[in-house]
Amino acid sequence: QVLLVESGGGLVQPGGSLRLSCTASGSGFTSDYHAIGWFRQAPGKEREGVACINRDEGRTFYRSPVRGRFTISRDNAKNAVYLQMNRLKPEDTAVYYCAVTKLRPILSTAFREDVYDYWGQGTPVTVSS
């Protein structure tokens, strides 16, 4: 079994920053899980991919709306992945989820929800003045 716990969400003004954390635990979380992705779901919208990182080599993937503003990073010693979000916009308001997959991510799979095996419960982010 794999447990993912997100943290770091909250209320921030437009232009501000937040750093989300995702920590993995459980006996099932092994080095076979090669990637962790961040997804988000805004009110009334479908969930969408945001960023993904290859845990082995650190290769990263970003969706266009966040590229240049968000940075994904990992600390394998802590089984953690982070999402640094800068220059936040109201349209970034959503519940943010992390998820893990055994696939080594490539551009065509990094944001496919069906390849991810475990999901966290999410952490809400609200960008508002």
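Quick caveat, the model's predicted, so the values are computed rather than measured.
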[Y] and [X], any side-chain heavy atoms less than 4.5 Å apart:
X: F29; Y: Y118; value: no
X: T101; Y: T109; value: no
X: V81; Y: R74; value: yes
X: V125; Y: M85; value: yes

- Kindly indicate, with the supporting measurements, whether the criterion side chain to side chain contact (heavy atoms under 4.5 Å, CB included) is fulfilled by L4 and V100. CA-CA 8 Å; L4 300 174; V100 295; 3.8 Å; yes
- From CA spacing to verdict: side chain to side chain contact (heavy atoms under 4.5 Å, CB included), V12, S17: CA-CA 7 Å; V12 63; S17 299; over 6 Å; no
- Query: Is the F39 ring parallel, tilted or perpendicular to the W119 ring (thresholds 30°, 60°)?
  - Reply: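 Because their plane-to-plane angle lies in the 30° to 60° range, the rings of F39 and W119 count as tilted.
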So which atom in [X] and which in [Y] form the shortest heavy-atom distance, rounded to 0.1 Å?
X: P14; Y: S129; result: CD-N, 3.7 Å
X: F70; Y: Y62; result: O-CE2, 3.2 Å
X: E48; Y: E113; result: N-OE2, 4.5 Å

At what distance, to the nearest 0.5 angstrom, does [atom1] of [X] lie from [atom2] of [Y]?
X: Y33; Y: L103; atom1: OH; atom2: CG; answer: 11.0 Å
X: S25; Y: K78; atom1: OG; atom2: NZ; answer: 15.0 Å
X: T71; Y: I53; atom1: OG1; atom2: CD1; answer: 10.0 Å
X: T93; Y: R40; atom1: OG1; atom2: CZ; answer: 9.0 Å

- Query: Counting only N and O atoms by type, is there a donor-acceptor contact under 3.5 Å from the side chain of E6 to the main-chain atoms of Q121?
  - Reply: yes
- Item | Whether Y116 side chain and A110 backbone form a donor-acceptor pair below 3.5 Å | yes
Is there a path from [X] to [Y] through hydrophobic residues (I, L, V, M, F, W, Y) whose side chains come within less than 4.5 Å of each other?
X: Y97; Y: V127; value: no
X: F61; Y: W38; value: no
X: L88; Y: V50; value: yes
X: V66; Y: L83; value: yes

- Could you name each residue pair satisfying disulfide (SG to SG under 2.5 Å) that touches residues 3-60, not counting sequence neighbours? C22-C98
- Task: Return yes when atom CZ of R104 has more than 12 non-hydrogen atoms of other residues, nucleotides or ligands closer than 6.0 Å, and no otherwise.
- Result: no
- Message: If you count heavy atoms of other groups shown closer than 6.0 angstrom to CD of Q1, is the number above 12?
- Response: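 Not more than 12 within 6.0 Å, no.
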- Task: Please assess R69 against D92 for the test side chain to side chain contact (heavy atoms under 4.5 Å, CB included), listing each intermediate value before the final yes or no.
- Result: CA-CA 11 Å; R69 299 188 297 122; D92 295 317; 2.7 Å; yes
- For the pair I36 and R55, evaluate side chain to side chain contact (heavy atoms under 4.5 Å, CB included) and give the outcome as yes or no after the intermediate values. CA-CA 7 Å; I36 295 183; R55 296 179 65 230; 3.9 Å; yes
